[in-house]
Amino acid sequence: MAAPRAVWKGFLKVGSVSCGVKLVGATSEASKIHFKILNRKDGLPVKSAYVDEETGDVVAAEDQIKGYEADKGDFIEIEPDEIKKVKLTSQHTLEVGEFVAIDDIDTRYLEKPYYVIPADGAAVEAFSVLREAMARKRVAARSCVVLYQRGREVVIQPFGKGMLLTELRTHNEMISEGSVFDDLKNPKYDKDLLEIAGLLIDKKVTKFDPSKFEDTYEDALIAMIDAKRKGKKPPKPAPQPKENVVNLASVLRKSLEKEGIKEQSKEKARRKSA
């Protein structure tokens, strides 16, 4: 199998120490189901096209230009060469401005991962020293990089024999948790129920293993497509969720029985010792 293609080449720079690095995409969409849009009348694929909003005419690629809407209906045209002339250090250098504790990283901000590897043999020593020093301190580097003509804030952390660079969402993209959680109320509940729920959780605790994850929606799509190809009826849809639990204690205890767990609440323990 051919090695994945690098999506960026440049330098990782910490103070006066720098080494050549490459970024390789850590994710792939190759296994996903992809649909084409068809004309319902003849079953043939259709093409997407840019059309003039006023005339409705299709605009050829050579006549298309990017535009920024400064005011309603007032656009500033931007030529491709003008965008290319916007030079940023981060186009070719991952300059580290600060380090943050890995445990302090808010995972809500993590977006897309890339593997970071030395660009060549000459970069291996400096790369390895930086990676190992970061691993010992359990820190990630903060930097920014230009990918696909856009500047992106990133964190870089040790990962196996290499490093992992992850794009970050900006603070402006995040919705404040307060705007969502502030109206939630803290209900009163029987403390025994908390212990029963804890027993149920203990039974199902395991190691984080992404290899066991399943894309159930993708699997359902494949099953539906396979059935249509064979002229069979599509699989039955998943049942709708039931209504909210009315008797939580009863449902929790049934869950314990199903998992083969014996309840040992504090109240029962007190009764036995009495």
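Just so you know, these numbers use all the heavy atoms, side chains as well, and skip hydrogens, waters and symmetry mates. In this chain, numbering begins with 1 at the start of the sequence shown.
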Q: Using a 4.5 Å cut-off on heavy atoms from C-beta on, say whether the side chain of T27 contacts that of P113.
A: yes
Q) Are V145 and Y114 side-chain neighbours, meaning at least one heavy-atom pair lies under 4.5 Å? A) no
Q. Out of curiosity, K9 NZ to K22 NZ, how far, rounded to the nearest 0.5 Å?
A. 5.0 Å
Q.
Name the residue from V116, V17, V96, T93 that meets the side-chain contact (heavy atoms from CB on, under 4.5 Å) definition with L12.
A. V96
Q. Is there a donor-acceptor pair closer than 3.5 Å between any side-chain N or O of K228 and the backbone N or O of K230?
A. no
(Q) More than 12 heavy atoms of other residues, nucleotides or ligands under 6.0 Å from CD of E62: yes or no? (A) yes
Q) Taking side chain as C-beta onward, heavy atoms only, is Y68 less than 4.5 Å from F75? A) no
Q) Mind checking whether L184 and I175 sit in one hydrophobic cluster, side chains of I, L, V, M, F, W, Y counted as touching below 4.5 Å? A) yes
**Q.** Hydrophobic cluster membership, Y109 vs V155, 4.5 Å side-chain cutoff
**A.** yes
Q.
With heavy-atom distances below 4.5 Å as the criterion, would you say the side chains of F99 and V14 are in contact?
A. yes
Q) Are any of the side-chain nitrogens in K191 or E195 under 4.0 Å away from the carboxylate oxygens of its partner? A) no
Q: Please confirm whether the backbone N or O of V154 pairs with a side-chain atom of R142, one donor and one acceptor, at under 3.5 Å?
A: yes
Q.
Evaluate E173 against T170 for side chain to side chain donor-acceptor pair (under 3.5 Å), listing each step before the verdict.
A. CA-CA 5 Å; E173 291 179 87; T170 65; 3.3 Å; yes
Q.
Taking R152 first and then E111, would you say they form a salt bridge - that is, a charged N and a carboxylate O separated by under 4.0 Å?
A. no
Q: Might you point out which heavy atoms bring A135 and P158 nearest each other, and give the distance in Å?
A: N-CG, 3.4 Å
Q: Taking the side chain as every heavy atom from C-beta outward, state whether I78 and I65 have any atom pair closer than 4.5 Å.
A: no
Q) Rounded to the nearest 0.5 Å, how far apart are NZ of K36 and CG of L44? A) 11.0 Å
Q.
On a heavy-atom basis, which atom in E82 and which in E79 lie closest, and how many Å separate them?
A. OE1-N, 2.7 Å
Q: Salt-bridge test for R108 and E177: reply yes if a basic N is under 4.0 Å from a carboxylate O, no otherwise.
A: yes
Q: Mark yes when over 12 heavy atoms from residues, nucleotides or ligands other than D183 sit less than 6.0 Å from its CG; otherwise mark no.
A: no
Q: Indicate yes or no: at least one non-hydrogen side-chain atom of L110 is less than 4.5 angstrom from one of T107.
A: yes
Q) Is the backbone of T55 close enough, under 3.5 Å, to the side chain of D52 for a donor and an acceptor to pair up by distance? A) yes
Q | V100, L165, I102, V139 screened by side-chain contact (heavy atoms from CB on, under 4.5 Å) with Q157, the one that passes | A | I102
Q. Under 3.5 Å, side chain of D226 to main-chain N/O of R229, donor-acceptor pair present?
A. no
Q.
Quick check for you: to the nearest 0.5 Å, what is the distance between I37 atom CD1 and N39 atom CG?
A. 11.0 Å
Q) To the nearest 0.5 Å, how far apart are OH in Y50 and CD in Q64? A) 6.5 Å
Q: Grab the two heavy atoms, one from V58 and one from A49, that are nearest each other, plus how far apart they are.
A: CG1-CB, 4.1 Å
Q. Is there a path of hydrophobic side-chain contacts, each under 4.5 Å between heavy atoms of I, L, V, M, F, W or Y residues, that connects L23 with Y148?
A. yes
(Q) If the threshold is 4.0 Å, N to carboxylate O, is there a salt bridge linking E167 and K112? (A) no
Q.
Could you measure the distance from the OG1 atom of T166 to the CZ atom of R169? Nearest 0.5 Å is fine.
A. 11.0 Å
(Q) Can you tell me how far apart NZ (K13) and SG (C19) are? Round to the nearest 0.5 Å. (A) 11.5 Å
Q) When hydrophobic residues are tied together by side-chain contacts of less than 4.5 Å, even through go-betweens, does I201 share a cluster with L193? A) no
Q) Okay, side chain of R131, backbone of K161: is any donor-acceptor separation there less than 3.5 Å? A) yes
Q | Cluster link L147 to L94, ILVMFWY, side chain under 4.5 Å | A | yes
Q. Side-chain contact, heavy-atom cut-off 4.5 Å: M134 with R136?
A. no
Q: Could you check if a side-chain atom of V21 sits within less than 4.5 angstrom of a side-chain atom of F127, using non-hydrogen atoms only?
A: yes
